[in-house]
Amino acid sequence: MAEETERAEAAVAALSEAEAAARLAELTRRLDAANRAYYQDDAPDLSDADYDALKREAAAIEARFPHLAHPDSPTAQVGAAPAEGFGKVTHAERMLSLANAFDAADVADFVAGIRRYLNLPDAAPLAFTAEPKIDGLSLSLRYEDGRLVSAATRGDGVTGENVTANALTIKDIPARLEGAPAVLEVRGEVYMRHADFAALNAQQAAAGDKTFANPRNAAAGSLRQLDPAVTRARPLSFFAYSWGELSAPLGRSQAEAVARLAALGFPTNPLTRRCDSLDEMLAHYAGIEERRATLGYDIDGVVYKVDDLALQARLGLRSTTPRWAIAHKFPAELAWTRLEAIDIQVGRTGALSPVARLTPVTVGGVVVSNATLHNEDYIAGRDSRGQPIRGGRDIRVGDWVQVYRAGDVIPKIADVDLSRRPEGAAPFVFPVTCPECGSDAVREEGDAVRRCTGGLICPAQAVEKLKHFVSRQAFDIEGLGSKQVEAFYADGWIREPADIFDLERNYGTGLRQLKNREGWGEKSARNLFDAIAERRRIGLGRLIFALGIRHVGEVAAADLARHFGSWAAFIDTVDRAAQEPAAAAPDVRARKPHLADSPAWSEITGIDGIGEAVAVALTTTLTQDAERASVDRLVAQLQVEAPPARATAGSPVAGKTVVFTGTLEKMTRAEAKARAEALGAKVAGSVSAKTDLLVAGPGAGSKAKKAAELGIETIDEDGWLALIGDG
DNA sequence: GTGCCTCGAGTTCA
DNA sequence: CTCGAGGCAC
């Protein structure tokens, strides 16, 4: 092999850069074709030796001219030995999920909400597309100059897994496109047809391999194979229904764009229709539901999208879902089973959550044996406002209950059969002490959950807090997951976060060593210590989030970090706020607003998105002696890094406070606000000294006057659109 | 005070 | 994925 590599290198050494580039393009084309033939058509058109020779030559060119190497080059991609895992792909445009509608009334609300947002009268035309919602997994295919360069799963919507080699084995997915925009991201669903699923399972069973519970699992399992040769043997299908980044528009409407995707060679769903009214949408839904069993593949509802793409753009996105689309779900599959027991779990905040232990039963292709029961009111047959649910029927141990999987995932109890209730079944008595530590469990006025008051004395709370601390969005320590945390806690090696950073000092050398624990060796112990050491440098936002303070999740922590910039500034302000009389009042709701004017307190509550509940949680938690000592001990071990500036820093209105007033003619107020915020501006309701810009439409009154008095820049709607480049 | 919308905290199974 | 509740605009 070395000899052949040398020969390839020698040939390349004679090439000019331009020649090398041309030769690499040619090699890439031939390798792609060969991969295609091999993986997809299962009909190799090149011998292995020829294939390897081409690949070596391409690799040699890439080695000599590294900037010519394409990240998705076939030398790096298809045909390579299976990787240990999939690479990550950051989507150029986020992959969204959809809001759900469960009945016609929800769909009607959706349509009405869109008319309201766009300020369209009831009589104005508004068309939607309606298409079956395929029950598979979504995939984003990126084409550059007509060539498939990457295929990625949805992941968390921002980054997904790179499954390019596997996608190339799917017959419905073209490797090359003719006449496509230079950049085209096609989004769609990978799924398995019923007939293919049955055949695959028969084959798996015959080979003694495990069979799949349902087509969706089979499709997901097949796409995530590390060896593309395995995926090639799995009969996967694909429907395109959407797109991400584009260098040129696909059309003016959803229907046109999907037709264009079909013309480019992608399968699109034949049951996609354009509907001009709510009635047509619902009729199409009914029609699809009727044909559901005969389609030959699983669907779980119907997706409606606003047809006009200009309107889609105006409607824009909420945090994780577009405003212009909704999934109308079919009723969930139901199954009856017996409730064996009700267990109580204790969460990180001390919340006592009841869990139903069920006689295992198949629901929607999956065996379910646990289901959430939410809280004590839910068991008693009431919602949080005291209104009856399930006709007010309570749930008792021994009852026959009807189970479904909410969103096809989380098992829940829909109903209870009173006629089959066993004689002598007593109403469930919710514990008033913590089942883990025996402390009182109290339910605060207006709160739906009962909480253990044990704090860190409670082993369940302590462990859950530690799990939160090491979780992915917090410290994310490789090799220290929830299993490990439980084991270390049980042995007393880790009782609080700071102990993690003492682990090597305490258990690296000496009598009790990590490497002598069961399942641990020299190498794995070293890896863990290194992973922990790496996290001594930590972002301020991650640190604040990791502390697990009530009401302070990822977003609030990031907001706090961005505002304060350093741990010292943050903790100092919290300390000062805690000493001010306003915070000292035990009941927030009883506090008088005028007391909240003290500077540190209002600095905290003045942060956008941070209110009183968060401020109270911060001040009370972080000034509690034991908790504070633990936090101080932790922070002393860390190098806390300032958060990066906002991603929107480049936009002309980033960081500016904008106020809209008067009548807006080209957009509704909600649109204007959403657009401005997307560009990093803060939108306020009234003009004050902090306002940077007033956008005044016709009929502007007192706000415009006040802005003039304060000397604040004022522009009209067109001026605004020009400023943000939406002229 | 009401009504979004977003966030936080809880949840299952493969 | 869902519920409950916090935060904020109207």
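The shown structure was predicted, so the numbers you read here are calculated from the model rather than taken from an experiment. Proteins get letters first, then strands, A, B, ... in listed order; numbering begins at 1 in each.
- By the side-chain hydrogen bond (donor to acceptor under 3.5 Å, both in side chains) test, A/Glu189 pairs with A/Tyr241, sequence neighbours left out.
- Rounded to whole angstrom, the span from the CG atom of A/Asn375 across to the P atom of C/dT2 amounts to 17 Å.
- Residue pairs that meet the salt bridge (Lys or Arg N to Asp or Glu O under 4.0 Å) test with at least one member in residues 297-306 of chain A, sequence neighbours left out, are A/Glu131-A/Lys305, A/Lys133-A/Asp300.
- C/dG6 atom C1' lies 15 Å from atom CD of A/Glu444, rounded to whole Å.
- When rounded to the nearest whole Å, the span between CG of A/Leu373 and C1' of C/dT2 equals 14 Å.
- As rounded to whole Å, 15 Å separates atom P of B/dC4 from atom CZ of A/Phe110.
- Heavy atoms from other residues, nucleotides or ligands lying under 6.0 Å from CZ of A/Arg224 number 12 at most.
- Per the geometry, CD1 belonging to A/Ile610 stands 16 Å off P belonging to B/dT6, to the nearest Å.
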Do any side-chain atoms of residues 550-557 of chain A form donor-acceptor pairs under 3.5 angstrom with protein atoms, and if so which ones, sequence neighbours left out?
none

Output one letter per nucleotide in nucleotides 8-14 of chain B: B when a protein non-hydrogen atom lies under 4.0 Å from the base, S when only the sugar-phosphate is that close, - when neither is. SSSBBS-

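- Atoms CD1 (A/Ile607) and P (C/dG7) sit 12 Å apart, rounded to a whole Å.
- The separation between A/Leu98 atom CG and C/dT2 atom P is 12 Å, rounded to whole Å.
- Listed by first and then second residue, the salt bridge (Lys or Arg N to Asp or Glu O under 4.0 Å) pairs that reach into residues 354-364 of chain A are A/Asp343-A/Arg357, sequence neighbours excluded.
- If you measure from atom CZ of A/Arg450 to atom P of C/dG4, you get 16 Å, rounded to the nearest angstrom.
- The salt bridge (Lys or Arg N to Asp or Glu O under 4.0 Å) search around A/Glu333 returns none, not counting sequence neighbours.
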